[in-house]
Number of protein chains: 2
Amino acid sequence: MKELEIGCTNKAVNERYTVQDVAKRAGVHASTVSRALNPATRHRLSEEVAARVIAAAAELGYVPNGLAASLRTRRSETIGVVLPDITNPVFPPILQGLEAVLAEERYVAMVANAGSDNDRQRLVIERLLARQVDGLVLATVTRHDAIVDQCLKAGVPLVVVNRSEADHRVSSVVSDDLRGMRLAVDHLYGLGHRRIGHLGGPQNLSTGKGRLEGFLSAARDHGLDPASSDLELASGFSREAGREAAFRLLEHAPDLTGVVVANDLLALGLYDVLAARGLSCPGHLSVVGHNDMPFVDMVSPPLTTVRIRHREMGEQAAQLLLRLVRGEAQGGVDVVLKPDLVVRASTAAPR
Amino acid sequence: MKELEIGCTNKAVNERYTVQDVAKRAGVHASTVSRALNPATRHRLSEEVAARVIAAAAELGYVPNGLAASLRTRRSETIGVVLPDITNPVFPPILQGLEAVLAEERYVAMVANAGSDNDRQRLVIERLLARQVDGLVLATVTRHDAIVDQCLKAGVPLVVVNRSEADHRVSSVVSDDLRGMRLAVDHLYGLGHRRIGHLGGPQNLSTGKGRLEGFLSAARDHGLDPASSDLELASGFSREAGREAAFRLLEHAPDLTGVVVANDLLALGLYDVLAARGLSCPGHLSVVGHNDMPFVDMVSPPLTTVRIRHREMGEQAAQLLLRLVRGEAQGGVDVVLKPDLVVRASTAAPR
DNA sequence: CTGAAAGCGCTTACAG
DNA sequence: CTGAAAGCGCTTACAG
């Protein structure tokens with residue numbers, strides 16, 4: 001009677017067959033079922049038995065319980081992915097690349113949006129670790145990040161993507177920001193610009209810092225000496241933060257003819273400020289972004305920007321991580337992808 | 001000697017403590033550790049013992065093995081989310097809403113990009129089920145979807161989001177497409193348009209079909225009788241498919257003054273065709289989109305569109321699903337969210 | 001209030 | 001080539 005009740009209330013669980021069920025149906029022992037269903041051990045069995053087991057499993061619609069297998073093998077074939085903000089359009093292509101590679105190897109991604117708050121990130125990572133992820137991809141790291149310390153101490157295979165940490169203790173996949181900024185500055189210089197400013201990102205992020213340094217280095221190489229008033233740093237990589245910093249930049253350096261921006265979202269913030277002031281782009285000011293995120297070819301004017309191969313970033317990160325998980329490689333590998341300049345309509349010769 | 005080797009090669013695993021370790025350190029039995037660490041059963045213990053266990057766990061940095069717990073309790077506190085395309089900007093906000101609600105309840109999302117291919121979707125779902133997800137959110141469903149049949153048969157708690165299936169056998173969270181199209185048509189009619197066409201989506205998706213019906217119904221209510229040449233359907237919800245269908249529409253119905261489009265991505269495709277033909281928007285043609293996806297306020301001209309609360313869609317879907325998982329509710333609930341019209345610069349009085 | 005035992009569903013040395 | 005047993009790390013009736 002009791003059994004019947006259970007049968008009624010959770011039918012789903014009830015209809016889930018186990019190795020035992022398959023074993024009974026095929027007339028073999030459970031261990032034989034396990035061996036028959038695993039391609040790597042199947043050859044140890046007689047073909048006849050293997051076929052019988054596979055048939056029995058198919059007839060029942062048997063789906064192995066991956067949790068039980070993971071508990072036993074100590075591999076979950078699950079990877080945790082920690083993002084600061086999934087609505088930032090650079091992350092979906094990264095995620096797509098990650099997933100494509102992981103899926104090939106039968107891995108699944110547990111994706112967590114952790115924001116920028118450190119405590120929240122810590123909590124999220126602890127939950128992922130509790131679920132026994134085999135490795136972690138972090139897109140959240142700051143240049144000095146206590147969370148990386150913790151992960152290293154815990155011994156979790158770890159790859160950081162898009163951003164790297166200052167000490168490079170951990171494998172990373174990033175874009176060559178120095179080259180990116182050089183392309184941007186060269187482009188404006190080539191158009192005739194000599195008063196070029198930089199709308200930068202947060203300096204606690206490798207992208208913010210690297211792009212500022214890239215800008216300064218490229219500017220100096222052209223004999224330009226950007227005064228400190230030609231530089232303004234945003235508090236985050238968002239359109240809103242871009243607006244605020246762009247406002248300050250235009251206040252302090254009204255005679256700029258070109259601005260190299262550390263990120264497309266910031267560039268959109270600059271667009272907002274230009275529109276609010278009735279200034280035209282590229283008429284009054286040429287603007288170069290960074291990322292070539294989706295749809296910046298559709299904004300007005302279409303944004304000249306530095307293209308980063310985000311999908312490839314995700315693919316490489318997944319490959320690095322899987323090698324780490326399998327013990328085929330060690331940490332501390334930095335993959336640096338070459339960006340390109342995409343010239344659109346936001347840049348022109350200076351006024 | 002052998003032990004030492006193991007100790008060296010997988011340090012991570014080695015340093016993971018278990019209930020046994022905590023039990024030993026606190027001088028209690030493993031079952032007591034379990035009870036002390038679970039807030040729901042803690043009260044059964046003397047405060048002194050509970051405190052001792054909690055302290056011991058903290059000292060060791062003990063993180064419970066969620067897989068083992070799930071195997072035992074038959075709840076994984078994991079939800080599978082199946083998307084057709086994460087790079088479609090409508091999905092990140094949905095995901096954000098889902099995750100926010102799930103995280104509150106200590107659930108984690110396994111996100112899988114399954115594309116539009118049915119076999120691939122089936123594979124992806126099987127993998128998620130093998131990992132014992134407690135429920136599934138599908139953003140992939142077509143109006144008649146064999147995958148839904150399978151899930152129902154398997155007895156998995158299930159919610160569909162953004163799109164619904166024709167039979168409404170499954171709980172869904174969608175936007176009111178009829179109302180959305182009515183807002184769009186009313187807006188153009190109010191501006192003076194009488195030759196209004198529809199650039200529609202695939203009719204095997206509820207959104208494509210519902211928006212076409214909404215368009216026709218609203219048009220008829222104004223006494224308009226859109227000829228079949230005023231309607232053109234795209235093969236998918238992408239900018240590329242939008243371009244192709246927009247090309248056909250402008251060929252067949254060059255005298256239209258306004259077009260209501262089933263989706264912003266399609267509207268961008270229409271923009272592309274207008275640009276290629278040297279036609280201006282809204283000068284030659286007024287355009288209304290659908291979704292208000294991120295950054296359509298930045299395109300040229302800023303797109304008038306029907307705003308869908310995608311984040312809320314995700315939140316509601318998570319809530320529905322959790323109630324289903326807990327047996328607090330039954331399936332077959334349709335949540336319909338009210339959209340709004342956002343008027344920007346792509347619509348004006350007819351030429 | 002706490003302990004001892006059983007068992008979730010697998011896999012894998014160990015036999016034979 | 002196949003079986004029987006042990007065990008992954010938890011939780012939860014069942015005792016007392």
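Keep in mind that the numbers below use all heavy atoms, side chains included, and drop hydrogens, waters and symmetry copies. Just so it is clear: chains get the letters A, B, ... in the order the sequence lines come, proteins before strands, and each one is counted from 1.
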Can you tell which of [options] lies closest to the side chain of [X]?
X: V28(B); options: dT11(D), dG3(C), dG3(D); value: dG3(C)
X: P64(B); options: dC10(D), dC10(C), dG9(D); value: dC10(D)
X: L71(A); options: dC8(D), dG3(C), dC10(D); value: dC8(D)
X: A69(B); options: dA5(C), dC10(D), dG9(C); value: dC10(D)
X: R72(A); options: dT2(C), dC10(C), dT11(D); value: dC10(C)
X: S46(A); options: dC1(D), dG3(D), dG3(C); value: dC1(D)

Could you check whether any side-chain N or O of R35(A) sits under 3.5 Å from a backbone N or O of R42(A), counting only pairs where one atom can act as donor and the other as acceptor?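 Side chain of R35(A) to backbone of R42(A): no pair is present.
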Using OP1 and OP2 only, check whether a side-chain N or O of [X] sits under 4.0 Å from [N].
X: R74(B); N: dG9(C); result: yes
X: Y62(B); N: dC10(D); result: yes
X: T32(A); N: dG3(D); result: yes
X: T18(B); N: dG9(D); result: no

DNA chain C: A50(B) or R75(A), which has the more 5' nearest nucleotide?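 Upstream on the strand: A50(B).
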V49(B) vs A68(B), nearer the 5' end of DNA chain C by closest nucleotide: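 Going by which nucleotide is closer to the 5' end, it is V49(B).
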Does a salt bridge link R127(B) with E77(A), judged by any charged N lying under 4.0 Å from a carboxylate O?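 Salt bridge absent between R127(B) and E77(A).
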State plainly whether the residues R122(A) and E126(A) are in salt-bridge range, i.e. N to O under 4.0 Å.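 No.
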Return the CZ to OG1 distance between R163(A) and T140(A), rounded to the nearest 0.5 Å.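 Answer rounded to 0.5 Å: 7.0 Å.
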To the nearest 0.5 angstrom, please state how far the CZ atom of R131(A) sits from the OG1 atom of T78(A).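 One finds 10.5 Å between CZ of R131(A) and OG1 of T78(A).
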Which whole-number value in Å describes the distance from [X] [atom1] to [N] [atom2]?
X: H29(A); N: dT2(D); atom1: NE2; atom2: P; answer: 13 Å
X: L37(A); N: dT12(C); atom1: CG; atom2: P; answer: 13 Å
X: R35(A); N: dA4(D); atom1: CZ; atom2: C1'; answer: 10 Å
X: R16(A); N: dG9(C); atom1: CZ; atom2: C1'; answer: 12 Å
X: N65(B); N: dC8(C); atom1: CG; atom2: P; answer: 18 Å
X: Q132(A); N: dG9(D); atom1: CD; atom2: P; answer: 9 Å
X: Q20(B); N: dG7(D); atom1: CD; atom2: C1'; answer: 12 Å
X: R44(A); N: dA13(C); atom1: CZ; atom2: P; answer: 9 Å

R44(B) atom CZ: more than 12 heavy-atom contacts under 6.0 Å: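 No, the 6.0 Å shell around CZ holds no more than 12 heavy atoms from other groups.
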Is the CZ atom of R106(A) crowded by more than 12 outside heavy atoms at less than 6.0 Å?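 No, because the 6.0 Å sphere around CZ of R106(A) holds 12 heavy atoms or fewer from other groups.
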Name the residue closer to the 5' end of DNA chain D, choosing between L67(B) and N38(B) according to the nucleotide with the nearest heavy atom.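 The residue whose closest nucleotide sits nearer the 5' end is L67(B).
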At under 4.0 Å between heavy atoms, what does S31(A) touch on the DNA or RNA strands: base, sugar-phosphate, or nothing?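 Since a base atom lies under 4.0 Å of S31(A), the category is base.
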Qualifying salt bridge (charged side-chain N to carboxylate O under 4.0 Å, His left out) pairs with a residue from residues 47-68 of chain B, counting only residues at least two apart or across chains: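 For residues 47-68 of chain B: R25(B)-E59(B), E48(B)-R52(B).
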Using a 3.5 Å limit for the pairing distances, which stems of at least 3 consecutive Watson-Crick or G-U wobble pairs does DNA chain D take part in?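 Ordered by first number, the stems with DNA chain D (at least 3 consecutive pairs each) read C:1-3 with D:14-16, C:5-12 with D:5-12, C:14-16 with D:1-3.
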